[in-house]
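Report on one structure; see the data block that follows.
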Protein chains: 2
Amino acid sequence: MARRIADPALIDLRKRIRHSAAHVLAESVLKLFPQAKPTIGPPTDDGFYYDFDVDRPFTPEDIEKIAELMRVSIKADHRFEESEIERSEARKRVQDNPYKLEIIEGIPEGEKITFARHGDFVDLCRGGHVRSTGEIAAFKLLSTAGAYWRGDERNRMLQRIYGTAWESGEELEKFLLQVAEAEKRDHRRLGTELQLYFFDPSAPASPFFLPKGATVYNGLIDYMRQLYRKYGYQEVITPQILNVDLWKRSGHYDNYRENMFVVEIDERQFGVKPMNCPAHALMYASTLRSYRDLPIRFADFGRLHRYERSGVTHGLTRVRSFSQDDAHIFCAPDQIGSEISGFISLLREAYQAFRFEELRVALSLRPEKRVGGEEIWDRAEVALEKVLEDSGLSFDKMPGEGAFYGPKIDFFVPDAIGREWQLGTVQLDFSLSERFDLEFVAEDGSRQRPVVIHRAALGSLERFIGVLVEHTAGALPLWLAPVQAVVIPITDRNVSYADEVRAKLAEAGLRAEVDRSNERMNAKIRAAQLQKVPYMLVIGDREQAAGNVAVRRRAGGDLGARPVDKVVRMLSDEVANRS
Amino acid sequence: MARRIADPALIDLRKRIRHSAAHVLAESVLKLFPQAKPTIGPPTDDGFYYDFDVDRPFTPEDIEKIAELMRVSIKADHRFEESEIERSEARKRVQDNPYKLEIIEGIPEGEKITFARHGDFVDLCRGGHVRSTGEIAAFKLLSTAGAYWRGDERNRMLQRIYGTAWESGEELEKFLLQVAEAEKRDHRRLGTELQLYFFDPSAPASPFFLPKGATVYNGLIDYMRQLYRKYGYQEVITPQILNVDLWKRSGHYDNYRENMFVVEIDERQFGVKPMNCPAHALMYASTLRSYRDLPIRFADFGRLHRYERSGVTHGLTRVRSFSQDDAHIFCAPDQIGSEISGFISLLREAYQAFRFEELRVALSLRPEKRVGGEEIWDRAEVALEKVLEDSGLSFDKMPGEGAFYGPKIDFFVPDAIGREWQLGTVQLDFSLSERFDLEFVAEDGSRQRPVVIHRAALGSLERFIGVLVEHTAGALPLWLAPVQAVVIPITDRNVSYADEVRAKLAEAGLRAEVDRSNERMNAKIRAAQLQKVPYMLVIGDREQAAGNVAVRRRAGGDLGARPVDKVVRMLSDEVANRS
């Protein structure tokens, strides 16, 4: 989910350190558990893991001993030596390990098979190590978990050990601090604590949004609708279950079927939509379009369903059921530049409202296999580059990384603790118009194909809420907070005045609650702070007599007593400005 | 879809007249086509039909001749005579007609089999005729259509003749006028003309809402949300695809399965939700509830899917994919009365906003087979009756018509041309809490079961839009109209001022367009009227010079020239008051 910004040489070094650390881990596990069968042990974005077939889960004491053995191996500074082995010999070497045998069977004939040795430990391995174990400057074993072989629950359950390794102790410490910070911000935990959403086994990877979570969700949609009005989009509502003929026509049936849910209706197959584009193509084609009608921008918050393996789903950030701030723009080829430019303006305005201040941009250019003539690719790539240059955004060009149907721009933001998330994307499509025979009548009366632009600024709203909760540690900006103010009466005498204050806030469209519990004032303030409520309005006899409230900000600022009407105006302005 | 209000004796008479007319129709068809095989010919709410197995479709000339033969039979005033026939003898009588044979096979052993004769025509028939054909005072054959035997497209296509029959020529005329009026208001035709929605074979019975239709759709949701805030509901968002264990627990798997779409995921069966209640029960159960938390009112605009046979789907009024203004109230038994009362207030406020002025109410009481003790039924029925009495609404009691899990109230409205539609419903449920083991901690610390109330005021939003379009003939109230005002510049000189006026309207949140076509003013006004736009704001040099617009109402009222700011305020007020 999270990607870190780093230079390619450093990324490569870390990958090699982590891959090497996995070898050292396997070596140490086998010293302690000679019967264990190692399976696979890849590096990951943040570290590495290794899966073993063993009789019982590893205990914390096991892990300590394993780490100690690893330190011994690293201190010995064994050199890594890779050697190519003949296939039949390779099979013989791993004959007692059915997992490694299966991996060898999966290597195509003719491809070479390599093993790596360090000290007296040898492992089947594609290569990519540091020179010697001593270069693993800093490592830590983090956790254990059960994991099915090949991620398939019909297979045997293996025991996984997670670890991380770095080029210096300092970097390791930084990483561990970030992990601790990330755990505090884990949107799954905060979702429960702040009563935003929950999950239930009856609908795997499909969130249930509680009233407060639904307020945030609908708040996102309302805000995007405001931007849609400003930027000239038209919202539409389309069916969710469409027959497979349509998905064949769009290409999803051939290229995306394993991610689609299929239903049988009247003895025909229907697909639950994973994307809105085919329905929007039908809508475009539902009437004859003229160049004067273009661009047409159809926005759709329709619910999408995509199959994800249960092993990769994660909280809100990877789900099977979600909606996007999705839209498709149908335009003439010479409108590509202005449409992309308009989208980038919308995106930057939106990110600003969510406190994502920085932006990294990647422009993916034509791949080898592609549809559409050279002329349209030339024109589109030049237009995209020019728009990005004019925008003042710095961007990386990624030759060959575009989709087969068109170039694209991806937008990444770092969050408050430095993790990077991909949010927005805008993608040209030279294929959809052909597949759906979309046309417009040009000024000269000829029939021409519109260009289709897929674009989303926030992406999946579910995922965006997950990212935003982690970015803000649950302290959502006032305009989006499910409860914007808690009114806190100090004594029972102040409750009815507190109700009046709440009613005034509600009349101005603000979401406010009165805390009528029997707790003391300080406990009430603490409760509101834990719930990340932006404003606490405290009322004692003095405030009540003067028609005031004592204003406290979530962040800790005590603004003192102010007249109710002024406070209502202050909060309303803050909401209106999304400040 | 439409139900007419009438006294039971009249309903029965019409049913007998129509059933008898179907016999006379079959008699006449056989005179003209001796090889035709009659199948079934039931009365309907508005008339009757009869399906025949014939070699070719009936032509308009055939229908004329058939009607003439019917008139002869009616004039002859043949008596209807019913007689019971022994099963084997009955089989013999219809031996050349496989359809009638199949019908006889479907009659359980021991049940009697009757035939009806009039003149020299005899037909297998359950009975229910008038005394003689002369009592068919007025009839008309209306249309023909192909129809599959048993409504199943794998069976042979039959030829259907639709007709209607009444107790007097006057009633027939009234009916035909209403049909003509209904055709003018047909929401399927108006949906296309007003660019609100369309259908496509890729998603049968699942509407595509074009931008204007989506504006209306979202307008309904926005309005219901306002009412939710006022009446203390909390909106939630729940998954659409849930595993069958849940549907077994809720009872839908046993009682509603043929209407559910089923998906296989990870080798397990999942149901696409036809209703929100099980998800809301899970949400209720997601935390411990106290009597102090009750009532809890979960509202959900989640999309629902229900299988309907292609023979019965119709425009927006019977679809397979829709959302409801659905909510479930979880309350203590002694809160039933106040919750029902609050719902009725919400419903009446909503209907007022849509110009449904009259209301018919039916209270359905305990059926023979039911769950829940006598005490809760007594208490609930008394509470419902009292609420209805206090509301001042007249209502009919329907003994035995309640659901097995609780009593219910249905709300019917007549539309502008007198057809009656069921819209709202509120239904108590004494079963769901048991099935999902829902509890709350009562004041005395004991665990008790909440009562669940299912309720919707508008029902399916798709169906409601269909009804509303027919009720208003497409002239939606200002607050809901997709385009609220068209600004009409008389000459090119007035276009930029027209743009300014539009911008002022937009700033006030009004949906306005400028007609920049090259048409003349009168053509532009006609176009706006055809599109049922509530206000036309005409701008010539004189209006422009004075900072005015000339205001015309859709209904035809010319309000003369007025200052722009006043017009903006007038329209804004009208929207705010939903007047």
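Because the structure is a prediction, the values reported are computed rather than measured. First the proteins, then the strands, lettered A, B, ... as listed; each starts at 1.
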Other residues, nucleotides, ligands: >12 heavy atoms within 6.0 Å of A/Asp492 CG: no

Which portion of A/Gln195 sits near chain B, non-hydrogen atoms under 4.5 angstrom: neither

A/Leu210, part contacting chain B, at a heavy-atom distance under 4.5 Å: both

Close approach to chain B in residues 216-228 of chain A, criterion heavy atom under 4.5 Å: A/Tyr217, A/Asn218, A/Arg225

Under 4.5 Å from a heavy atom of chain B, the part of A/Val262 involved: backbone

For chain B, the option from A/Phe198, A/Phe298, A/Tyr197 that forms the most heavy-atom pairs under 4.5 Å: A/Phe198

Close side-chain approach of B/Arg303 to A/Ile237, heavy-atom, < 4.5 Å: yes

B/Glu443 CD: over 12 foreign heavy atoms closer than 6.0 Å: no

Over 12 non-hydrogen atoms of neighbours within 6.0 angstrom of CZ in A/Arg268: no

Part of A/Phe261 within contact of chain B (heavy atom distance under 4.5 Å): both

Test side-chain hydrogen bond (donor to acceptor under 3.5 Å, both in side chains) applied to A/Tyr233 - qualifying residues, sequence neighbours left out: A/Arg455

CD/B/Glu507: more than 12 non-hydrogen atoms of other groups inside 6.0 Å: no

A/Asp266 bridged to B/Arg154 by N-O distance under 4.0 Å: no

For A/Glu235 against B/Ala214, the heavy-atom pair lying closest together: O-CB, 3.2 Å

Close contacts, residues 278-287 of chain B versus chain A, judged by heavy atoms under 4.5 Å: B/Ala279, B/Leu282, B/Met283, B/Ser286

Those residues of residues 238-245 of chain A, ordered by number, that approach chain B below 4.5 Å (heavy atom to heavy atom): A/Thr238, A/Pro239, A/Gln240, A/Ile241, A/Leu242, A/Asn243

Part of A/Phe208 lying under 4.5 Å from any heavy atom of chain B: both

Contact leader toward chain B among A/Ile265, A/Leu246, A/Val272, A/Asp200, where contacts are heavy-atom pairs under 4.5 Å: A/Ile265

Proximity breakdown for A/Arg320 and chain B, heavy-atom pairs closer than 4.5 Å: side chain

